[in-house]
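Below you'll find the structure, written out as structure tokens, and then a few comments.
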Amino acid sequence: MAIKTVGVLGCGLMGAGVAQVSAAAGFRTIVLEVNEDVLKKGLGRIEKFLTDGVAKGKVTEEVKATTLGNLSGTTTYADLKDCDLVIEAIVENVDVKKQAYAQVESVVGPACLIASNTSSLCVTELAASTKRPDKFGGLHFFNPVPLMKLVEVIKALSTSQETFDALFGFAQAIGKEPITAPDRGGFIVNRLLVPYLLDAIRCLEEGLGTVEDIDKGMKLGCGYPMGPFTLLDFVGLDTTYFIANILFDEFRETRFAPPPLLKRMVLAGYLGKKSGRGFYKY
Ligand code: 3HC
């Protein structure tokens with residue numbers, strides 16, 4: 001199963017990163033967005049990352065040029081017709097995802113694989129909504145995609161071994177370190193990370209320490225690159241709230257239940273870095 005051409009649905013934070021690493025690894029990559037404005041913004045994000053990389057001496061001009069040369073953007077599903085793999089990185093809404101898969105399947109060939117970058121939805125359910133549940137799996141990337149080495153490769157109940165192997169191989173081919181994760185809420189990383197982040201909020205609610213001290217404690221005491229509140233702001237409080245609710249629904253364990261403060265911050269629009277205010281102000 002040779003993958004040469006890759007389609008990416010969505011050029012937001014995650015989609016842009018996925019498209020960038022795919023193009024950088026030499027795959028012809030076509031990224032799809034809903035309209036020209038959003039597409040332009042997403043492609044601009046990729047170009048900026050590469051330009052910053054050149055300025056930092058981490059990316060050569062040559063790699064930047066090859067990456068951009070392998071990459072194209074579109075707003076038309078028909079342009080994905082030659083794809084061997086389509087990676088979906090759109091909004092975490094089952095119905096919207098299902099509609100996108102139907103559009104993909106109306107243009108791609110029967111051998112094309114589809115993978116979702118969902119962080120928490122049931123991959124088996126997503127797979128079952130397509131006409132190719134055996135050719136569907138999960139490829140869960142981490143933010144910021146070009147810098148984080150990990151990809152969780154998720155085998156849905158229906159994913160064939162051949163598809164799983166192809167997705168695992170693709171993750172390796174783009175320079176990532178894949179791990180095998182089961183189709184269970186949160187897979188491996190979010191299953192462990194989300195309760196930790198929720199617990200940090202509970203600690204704050206209980207007055208265990210300030211935001212700054214708790215962050216400093218975990219950063220300097222454990223060598224984590226970011227303290228929990230910096231990470232919460234980075235991931236997005238709405239995203240964390242969404243994942244926590246899905247995990248709670250799946251396992252019915254209190255450690256996954258979103259604390260009241262998180263819910264209220266989301267309702268207030270304090271979503272973290274992206275909204276200019278979360279546990280910190282930006
Ligand atoms: N191009 C190439 N390289 C770049 C770059 C660019 N544009 N920008 C930065 N880099 C390189 C830097 O040169 C540096 O390289 P070095 O380690 O060899 O010196 C490295 O990337 C780190 O960059 P910075 O020094 O600028 O920044 P930090 O050291 O502060 O690291 C970070 C930034 C990588 C984001 C780090 O803080 C980190 O790892 N944070 C945790 C992130 C995390 O946990 N992500 C997962 C979130 S959960 C998730 O995504 C799952 C979802 O489902 C919710």
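Remember, it's 1-based here, ligands and their atoms both numbered in the order they're listed.
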Looking at ligand 1, does any of its N/O atoms fall within less than 3.5 Å of an N/O of [X]?
X: D52; answer: no
X: T239; answer: no
X: M226; answer: no

### Query
Just going by heavy-atom distances, which of L147, V63, T118, V54 is nearest to atom 10 (N) of ligand 1?
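Residue with the shortest heavy-atom distance to the ligand atom: L147.
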
Hey, which atoms in ligand 1 end up nearer than 4.0 Å to a heavy atom of [X]?
X: P144; value: 35 (C)
X: S119; value: 53 (O)
X: G53; value: 1 (N), 2 (C), 6 (C), 7 (N)
X: P225; value: 36 (C), 37 (O), 38 (C), 39 (O), 40 (N), 41 (C)

#### Entry: Proximity to ligand 1 by part of T240, non-hydrogen separation under 4.0 Å
neither

### Task
Heavy-atom distances under 4.0 Å are what count here, so tell me which part of L50 touches ligand 1: side chain, backbone, both or neither.
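No part of L50 is near ligand 1 at this cut-off.
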
### Taking every non-hydrogen atom, the tightest pair across F27 and I3
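Looking at all heavy atoms of both residues, the closest pair is CE2-O, 3.1 Å.
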
#### Entry: Short side-chain to backbone donor-acceptor contact, T67 and V63, under 3.5 Å
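Yes; at least one donor-acceptor contact below 3.5 Å.
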
### Query
Taking the inter-plane angle between the rings of F142 and H140 on a 0 to 90° scale, is it parallel (under 30°), tilted (30 to 60°) or perpendicular (over 60°)?
tilted

### Task
Scan the protein's non-hydrogen atoms and note whether one is under 4.0 Å from atom 38 (C) of ligand 1.
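True for atom 38 (C) of ligand 1.
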
### Query
Counting only heavy atoms on the protein side, is anything nearer than 4.0 Å to atom 2 (C) of ligand 1?
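True for atom 2 (C) of ligand 1.
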
Nearest protein heavy atom to [atom], by residue and atom, and its distance?
atom: atom 49 (C) of ligand 1; value: F142 CD2, 3.5 Å
atom: atom 6 (C) of ligand 1; value: F49 CE2, 3.3 Å
atom: atom 19 (O) of ligand 1; value: K58 NZ, 3.7 Å
atom: atom 48 (S) of ligand 1; value: L193 CD2, 3.8 Å
atom: atom 47 (C) of ligand 1; value: V235 CG2, 3.8 Å
atom: atom 44 (O) of ligand 1; value: L231 CD1, 3.5 Å
atom: atom 24 (P) of ligand 1; value: K56 NZ, 5.0 Å
atom: atom 46 (C) of ligand 1; value: N143 O, 3.5 Å

### Query
Quick one: do the K64 and T51 side chains pair a donor with an acceptor below 3.5 Å?
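Checked: K64/T51 side chains pair up, N/O donor to acceptor below 3.5 Å.
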
### Query
Do the side-chain N and O atoms of D134 and S160 include a donor-acceptor pair separated by under 3.5 angstrom?
no

Any Lys/Arg nitrogen of [X] or [Y] sitting under 4.0 Å from an Asp/Glu carboxylate oxygen of the other?
X: E250; Y: R184; value: no
X: E92; Y: K97; value: yes
X: K274; Y: D238; value: yes
X: K41; Y: E36; value: no

[X] vs [Y] side-chain heavy atoms within contact, under 4.5 Å:
X: L261; Y: E205; answer: yes
X: C112; Y: D84; answer: no
X: D183; Y: I154; answer: yes

### Query
Are any of the heavy atoms in H140 under 4.0 Å away from ligand 1?
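For ligand 1, residue contact (heavy atoms, under 4.0 Å) with H140 is present.
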
### Query
With a distance cut-off below 6.0 Å to the six-membered ring centre and an angular limit of 45° from the axis, does R191 pair with F256 as a cation-pi contact?
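Here R191 fails the 6.0 Å and 45° test against F256.
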
